[in-house]
Peer 1: 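A single structure is presented below for examination.
These figures come from a predicted structure and were not determined experimentally.
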Amino acid sequence: MKPTVIISTYPNKKSISKIANELVKNKIVACVNISKISSIYSWNNKIENTSEYLAIFKTMTKNKKLLKKKILESHPYDVPEIVEVEVTSINKSYLKWLIDSTN
């Protein structure tokens, strides 16, 4: 079994907190880290400077397809960021916790 990290951004804490709680409760993810960030990006031919919330979803590869689907279904953005990060190294005790938390 391999761990997977999925990254996304959300417009406010309420929108990420709702899905994060659901995903942890249903053992789709073991953890979601949420941090307030500043983002500068191009949208509709305009440069945007906004506050967003960065969400780091931690799960196992067996759940990644379902996780991406849940993010897409619940996301408030027209074009949500859903980026998968390959985990090439992880300490054994954390991996065990991750496996136990998603089974």
Side-chain angles (χ1 to χ4, degrees):
M1 283 209 248
K2 284 191 65 172
T4 298
V5 173
I6 304 289
I7 297 172
S8 190
T9 51
Y10 287 78
N12 54 57
K13 194 162 184 180
K14 183 179 179 183
S15 61
I16 180 51
S17 294
K18 182 178 179 189
I19 188 66
N21 279 288
E22 177 189 319
L23 293 169
V24 172
K25 180 181 176 184
N26 293 313
K27 296 189 172 215
I28 297 168
V29 300
C31 173
V32 182
N33 298 119
I34 302 168
S35 297
K36 189 171 185 177
I37 60 170
S38 296
S39 296
I40 301 170
Y41 55 93
S42 176
W43 183 250
N44 293 329
N45 296 316
K46 234 173 94 178
I47 301 297
E48 299 285 342
N49 286 274
T50 62
S51 292
E52 293 183 295
Y53 285 83
L54 178 67
I56 303 171
F57 300 89
K58 299 170 188 177
T59 192
M60 300 303 294
T61 53
K62 68 180 178 113
N63 293 339
K64 73 180 182 179
K65 187 175 179 181
L66 178 59
L67 171 57
K68 290 176 184 180
K69 181 178 181 250
K70 293 281 189 185
I71 293 170
L72 197 56
E73 288 173 352
S74 66
H75 210 288
Y77 286 162
D78 292 337
V79 182
E81 172 186 13
I82 302 174
V83 176
E84 182 178 339
V85 179
E86 182 181 355
V87 177
T88 58
S89 178
I90 189 170
N91 62 308
K92 288 181 183 180
S93 58
Y94 191 84
L95 177 59
K96 181 182 180 328
W97 170 80
L98 193 59
I99 292 167
D100 292 345
S101 297
T102 56
N103 279 329

Peer 1: For Ala30 and Thr102, work out which heavy atoms get closest and say how close.
Peer 2: N-CG2, 3.6 Å

Peer 1: Members other than Leu72 in its cluster, when Ile, Leu, Val, Met, Phe, Trp, Tyr link by side-chain heavy atoms under 4.5 Å?
Peer 2: Ile6, Tyr10, Ile16, Ile19, Leu23, Val24, Ile28, Val29, Val32, Ile34, Tyr53, Phe57, Leu66, Leu67, Ile71, Ile82

Peer 1: Calculate, to the nearest 0.5 Å, the distance between atoms NZ and OG1 belonging to Lys2 and Thr88 respectively.
Peer 2: 8.0 Å

Peer 1: List the atom of Lys27, the atom of Asp100, and the distance in Å for their closest heavy-atom pair.
Peer 2: NZ-O, 4.2 Å

Peer 1: Using modelled atom types only, decide if a donor and an acceptor are shared between the side chain of His75 and the backbone of Ser15 within a distance under 3.5 Å.
Peer 2: no

Peer 1: Same cluster for Tyr41 and Val79 if Ile/Leu/Val/Met/Phe/Trp/Tyr side chains link at under 4.5 Å?
Peer 2: yes

Peer 1: Once salt bridge (Lys or Arg N to Asp or Glu O under 4.0 Å) is applied, do any residues pair with Lys64, and if so which ones, sequence neighbours excluded?
Peer 2: Glu84

Peer 1: Go through it in stages, so that I can follow the logic: the residues are Lys62 and Asn103, the test is side chain to side chain donor-acceptor pair (under 3.5 Å), and I'd like the CA-CA distance, side-chain angles, deciding distance and then a yes or no.
Peer 2: CA-CA 10 Å; Lys62 68 180 178 113; Asn103 279 329; 3.1 Å; yes

Peer 1: Can you name the residues that form a ring-ring contact (aromatic ring centres under 6.0 Å, His included) with Tyr94, not counting sequence neighbours?
Peer 2: Trp97

Peer 1: Starting from Trp43, can I reach Tyr77 by hopping between I/L/V/M/F/W/Y residues whose side chains sit under 4.5 Å apart?
Peer 2: no

Peer 1: State plainly whether one hydrophobic cluster holds both Ile37 and Ile7, where clusters connect Ile, Leu, Val, Met, Phe, Trp and Tyr through side-chain heavy atoms under 4.5 angstrom apart.
Peer 2: yes

Peer 1: What is the distance from atom CE of Met60 to atom CG of Leu98, rounded to the nearest 0.5 Å?
Peer 2: 5.5 Å

Peer 1: In Å, rounded to the nearest 0.5 Å, how long is the span from OG of Ser74 to CD of Glu22?
Peer 2: 7.0 Å

Peer 1: Just by modelled atom types, is the Ser38 backbone N or O under 3.5 Å from a matching donor or acceptor in the Ser51 side chain?
Peer 2: no

Peer 1: Are Lys36 and Lys13 side-chain neighbours, meaning at least one heavy-atom pair lies under 4.5 Å?
Peer 2: no

Peer 1: Hey, what do you get for OG (Ser8) to CD1 (Ile56), rounding to the nearest 0.5 Å?
Peer 2: 11.0 Å

